[in-house]
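Written below as structure tokens is the structure these notes are about.
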There are 2 protein chains.
Amino acid sequence: MPQRQKGEQLTPVQENYLETIFRLETRDGAARASSIAEAAQVSRSTVTGALKALKNMGYVEYSPYSLIYLTEKGKEVGRRIAHRHFVFLAFLEKVLRLDPEKADSTACALEHVVSDDIVKRLGEFVLFLKNCPEFWSDWLEKYEKENLLEKSHTRSTIVEVLGTKQEREQK
Amino acid sequence: MPQRQKGEQLTPVQENYLETIFRLETRDGAARASSIAEAAQVSRSTVTGALKALKNMGYVEYSPYSLIYLTEKGKEVGRRIAHRHFVFLAFLEKVLRLDPEKADSTACALEHVVSDDIVKRLGEFVLFLKNCPEFWSDWLEKYEKENLLEKSHTRSTIVEVLGTKQEREQK
DNA sequence: GTATAAAGTTTTATTGCCCAAACTTTGTGC
DNA sequence: GCACAAAGTTTGGGCAATAAAACTTTATAC
């Protein structure tokens, strides 16, 4: 009965619901509570509560048992968060070379704790790197090397040992 | 009275307390509840509760009214989180060129939502970039240009317009 | 059209985090 | 050593997020 969240500010969790609904609506034309629950990995009852709050705040069109649509306000947020996700994903996958699954889950966590201007800067950075061929060849070579090392040993050990040796030789 | 958090897993908030205590202990020799409260921007009573939980979990040495020290286990976590902070800070400040204050607060948010291996990779990346002079000159030049633009206009507007123009000319 | 399954909701409860206010302990100045 | 301030704690409460269980509504199969 507590009819939660009369406040103004969206929480990270709520942002995530809006992003999820945005994706579902884009893909299917509308969102269902059960699809949201599945995508967000929460129970159906939790989704009901979240929808009530988001409706109160003017982010979703929703009445009990109905299909779910974002309002214009909701779409704006959903799109923005999805964009953040996209930018982080690109950085994690293309630059840091994480595997797609890990990159995705990490992007999902990062996307709610940064401001828009930082995401913009990061996006510009990734875009800029795309046009740096000499950078890429060196960086990917380094990446390949370390991946090979990781197969038989914990990388930290080896690199630390090697690093120390080299440093001593330089002195 | 609920004597919270007997569970095993540290929450982001708890990680942050450990990091804070780690810094204070490094700086002052020991942490005080009031310093923790100030650093973490919470009330003193909140800190008391957090300390009880962290003590129960074996991360801090603490008894009512006493000074606060991390256990070995606690130091390990505190140091690890502080390291994450350092890596993110370097990336945000040195690479993305955010102002120090913004970089710091953002690092503080990011540091709790990524795994160690990603931080390691990011650290390697930043380190790698340090030795890429040609990269830096181009990137900083781009950064300077955009900063000039920002002084009089919202950057997005201008860049979007310019970008569109250029794209049309190329076609 | 009715029985049944699926989808959605309500109720109730828990957990984590937080604060204000009232209280207790500790430390400091005189 | 005592009064007082500062530091710390306890009590009581609030809110966001969650789920399980019981319930209701909607859709489906026949």
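Residue numbers start from 1 in every chain, and the chains themselves are labelled A, B, ... in the order their sequence lines are given, proteins ahead of strands.
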Determine, for B:R23 against B:E19, whether the closest basic-nitrogen to carboxylate-oxygen distance falls under 4.0 angstrom.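 A salt bridge links B:R23 with B:E19.
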Between A:K73 and A:E76 (salt bridge meaning N to carboxylate O under 4.0 Å), is one present in this structure?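 Answer for the salt bridge query: no.
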Check this one for me: any side-chain N or O of [X] less than 4.0 Å away from OP1 or OP2 of [N]?
{"X": "B:T46", "N": "C:dC17", "result": "no"}
{"X": "A:K52", "N": "C:dT10", "result": "yes"}
{"X": "A:R32", "N": "C:dA7", "result": "no"}
{"X": "A:Y62", "N": "C:dT9", "result": "yes"}

From the set C:dC17, D:dT9, C:dC19, return the single nucleotide nearest to any side-chain atom of B:T11.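 Side chain of B:T11 sits closest to C:dC17.
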Quick check for you: among D:dA17, D:dA7, D:dT10, whose closest atom lies nearest to any side-chain atom of B:S45?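 Comparing D:dA17, D:dA7, D:dT10 against the side chain of B:S45, the answer is D:dT10.
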hbond_proxy A:S43 side chain to D:dA20 base (donor-acceptor, 3.5 Å cutoff):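 No pair found.
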Testing B:H83, B:R84, B:R121 for side-chain hydrogen bond (donor to acceptor under 3.5 Å, both in side chains) with B:D116, which one passes?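 The single option meeting the side-chain hydrogen bond (donor to acceptor under 3.5 Å, both in side chains) with B:D116 is B:R84.
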Report the distance from atom [atom1] of [X] to atom [atom2] of [N], rounded to the nearest whole Å.
{"X": "A:Y65", "N": "D:dA27", "atom1": "OH", "atom2": "C1'", "value": "13 Å"}
{"X": "A:L18", "N": "D:dA17", "atom1": "CG", "atom2": "P", "value": "11 Å"}
{"X": "B:I68", "N": "C:dT26", "atom1": "CD1", "atom2": "P", "value": "14 Å"}
{"X": "B:L24", "N": "D:dA7", "atom1": "CG", "atom2": "C1'", "value": "15 Å"}
{"X": "A:L51", "N": "D:dA17", "atom1": "CG", "atom2": "P", "value": "13 Å"}
{"X": "B:I36", "N": "D:dA7", "atom1": "CD1", "atom2": "C1'", "value": "13 Å"}
{"X": "B:L67", "N": "D:dG8", "atom1": "CG", "atom2": "P", "value": "8 Å"}
{"X": "B:Q9", "N": "C:dG16", "atom1": "CD", "atom2": "C1'", "value": "14 Å"}

If you look at every strand shown and take non-hydrogen atoms under 4.0 Å, does A:S34 touch a base, only sugar-phosphate, or nothing?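 The residue A:S34 makes sugar-phosphate contact but no base contact.
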Smallest separation among heavy atoms of A:W136 and A:R97, with atom names: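 A:W136 and A:R97 have their closest heavy atoms at CZ3-NH1, 4.4 Å.
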Output the distance between atom OH (A:Y69) and atom CD1 (A:I21), rounded to the nearest 0.5 Å.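 One gets 12.5 Å once the value is rounded to the nearest 0.5 Å.
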